[in-house]
Amino acid sequence: MPRTQAGESVLSRAVRIVEAFGAGDTALSVTEISHRSGLHLATASRLIEELTKLGWLERDKERKVRIGVRMWEVVSRASPTLSLREAAMPVMEDLHAIVGHHTQLGVLEGDDVLFIERLTAPGAVINYTRVASRLALHASSSGLLLLAYAPAEQQERVIAGPLEGFTENTIRTPSGLRAALAQVRQQGYAFLAGHIHPEATGIAVPVRDPMGKVIAALAVIVPNDAAAKSRIAVLQAASGAVSRAMEYPAPPIAGPPRKNINH
């Protein structure tokens with residue numbers, strides 16, 4: 001039977017319920033949430049009902065639990081990546097129209113790359129990423145790009161492993177990863193052919209803030225063929241456009257004029 005820590009706050013338990021949802025989960029049963037969160041079934045059920053009344057969770061037709069619209073609204077509005085996403089989306093849409101495959105934006109989160117935006121198309125090459133999903137830094141083009149510009153102590157921690165293999169091309173050794181990071185810094189982009197899936201090539205370039213710090217990776221996932229490298233130039237131009245948009249953001253859209261209440 002699941003056990004909770006003595007004296008744990010209600011807020012901590014509510015957070016455990018929300019964190020029970022994994023990257024691929026759209027709906028979970030109360031029993032699944034109880035098991036994943038480590039909360040007693042009765043406790044989980046009571047907290048789920050309270051969160052549902054507040055709009056943070058929702059129930060579907062089968063009475064399974066989903067993340068609520070209210071939670072999505074608050075998180076989207078207060079997201080620390082909001083300005084980055086707003087600067088990147090117009091450029092990503094243009095890039096996506098040119099490339100015709102997956103275009104995505106990732107940021108460094110712990111020892112993973114977290115994808116905050118993604119555009120795809122019917123018939124595009126296979127791609128495992130989704131918005132709010134993560135990949136290992138050493139195996140993905142976005143991750144390798146971000147790791148190349150990460151603090152030295154984080155680089156050494158990831159280099160020390162373990163380095164999970166996804167295909168025969170995935171970087172699996174400390175020496176191989178160290179050499180790959182140096183190559184990224186030298187050429188200014190990450191190019192990984194068949195490292196996550198044999199049929200796909202990931203290409204990532206840096207997005208910089210006004211101080212020149214790398215804050216994100218703009219990437220495309222294209223077929224693993226001879227044409228893949230031809231996408232590098234347009235991707236670099238796109239990342240430059242996003243970086244400039246971060247430096248000179250578009251002015252806010254003016255709202256309707258305020259009424260004069262003085263008579």
Side-chain angles (χ1 to χ4, degrees), residues 81 84-108 112-150 166-171 176-177 179-209 212-247:
T81 63
L84 171 61
R85 289 162 53 214
E86 288 181 339
M89 276 305 293
V91 179
M92 289 180 65
E93 289 170 352
D94 290 343
L95 177 63
H96 179 251
I98 295 171
V99 174
H101 287 272
H102 310 283
T103 305
Q104 53 200 37
L105 187 68
V107 295
L108 189 65
D112 298 313
V113 52
L114 173 66
F115 294 96
I116 61 174
E117 285 293 354
R118 175 177 180 264
L119 299 176
T120 187
V125 69
I126 188 168
N127 182 16
Y128 292 142
T129 63
R130 298 174 60 182
V131 172
S133 69
R134 297 170 179 250
L135 281 177
L137 293 177
H138 73 283
S140 60
S141 59
S142 295
L144 191 68
L145 186 286
L146 292 169
L147 184 59
Y149 296 99
F166 295 87
T167 72
E168 63 180 12
N169 293 328
T170 306
I171 301 169
L177 180 53
L181 294 174
Q183 184 178 35
V184 169
R185 288 189 293 269
Q186 179 183 22
Q187 64 191 13
Y189 61 86
F191 184 93
L192 297 184
H195 284 230
I196 292 289
H197 190 279
E199 297 178 7
T201 292
I203 313 168
V205 294
V207 174
R208 301 177 184 270
D209 67 10
K213 179 182 177 182
V214 174
I215 56 172
L218 180 63
V220 294
I221 308 300
V222 297
N224 185 5
D225 57 25
K229 287 195 173 181
S230 67
R231 275 64 176 238
I232 295 173
V234 68
L235 184 56
Q236 289 175 323
S239 71
V242 177
S243 298
R244 289 190 295 274
M246 291 293 296
E247 187 172 359

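Heads up: numbering here begins at 1 and tracks the sequence.
- Leu181 contributes atom CG, which lies 11.0 Å from atom CG of Leu146 (distance to the nearest 0.5 angstrom).
- Atom CD1 in Ile221 sits 10.0 Å away from atom OG1 in Thr120 (nearest 0.5 Å).
- Among Asp112, Leu114, Val113, the one residue that satisfies the side chain to side chain contact (heavy atoms under 4.5 Å, CB included) test with Val107 is Leu114.
- Taking both residues in full, the closest heavy atoms of Arg244 and Ala237 are given as NH2-O, 4.5 Å, listed atom of the first, atom of the second, then distance.
- Legend: residues meeting side-chain contact (heavy atoms from CB on, under 4.5 Å) with Asp209, ordered by chain and number and at least two apart, are Met211, Lys213, Ile215.
- Counting non-hydrogen atoms of other residues, nucleotides and ligands closer than 6.0 Å to CD of Glu168 gives a total of 12 or fewer.
- The distance from atom CG of Leu235 to atom OG1 of Thr103, rounded to the nearest 0.5 Å, is 8.0 Å.
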- [ ] Kindly determine whether Val99 and Val222 satisfy side-chain contact (heavy atoms from CB on, under 4.5 Å), including the steps that lead there.
- [x] CA-CA 8 Å; Val99 174; Val222 297; 3.6 Å; yes
Report, one line per pair, each donor and acceptor closer than 3.5 Å where one atom sits in a side chain of residues 188-200; sequence neighbours left out.
unit_1: His195; atom_1: ND1; unit_2: Asn169; atom_2: O; d: 3.3
unit_1: His195; atom_1: NE2; unit_2: Asn169; atom_2: O; d: 3.3
unit_1: His197; atom_1: ND1; unit_2: Glu199; atom_2: N; d: 3.1

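- From His102, atom NE2 reaches atom CD1 of Ile126 across 8.0 Å, with rounding to the nearest 0.5 Å.
- Going from atom CZ of Arg85 over to atom CD1 of Ile116 covers 6.5 Å, rounded to the nearest 0.5 Å.
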Task: Intermediate values then yes/no, side-chain contact (heavy atoms from CB on, under 4.5 Å), Leu95 and Leu119 - done: CA-CA 10 Å; Leu95 177 63; Leu119 299 176; over 6 Å; no
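- Atom-to-atom distance recorded for Gln104:CD and Glu117:CD is 11.0 Å, nearest 0.5 angstrom.
- Here side-chain hydrogen bond (donor to acceptor under 3.5 Å, both in side chains) pairs that include residues 219-233, with residues two or more places apart or in two chains, are Thr201-Asn224.
- With sequence neighbours excluded, the residues that form a side-chain contact (heavy atoms from CB on, under 4.5 Å) with Ser239 are Val205, Val207, Leu218.
- Sorted by first then second residue, the side-chain hydrogen bond (donor to acceptor under 3.5 Å, both in side chains) pairs that include residues 138-150, not counting sequence neighbours, number zero.
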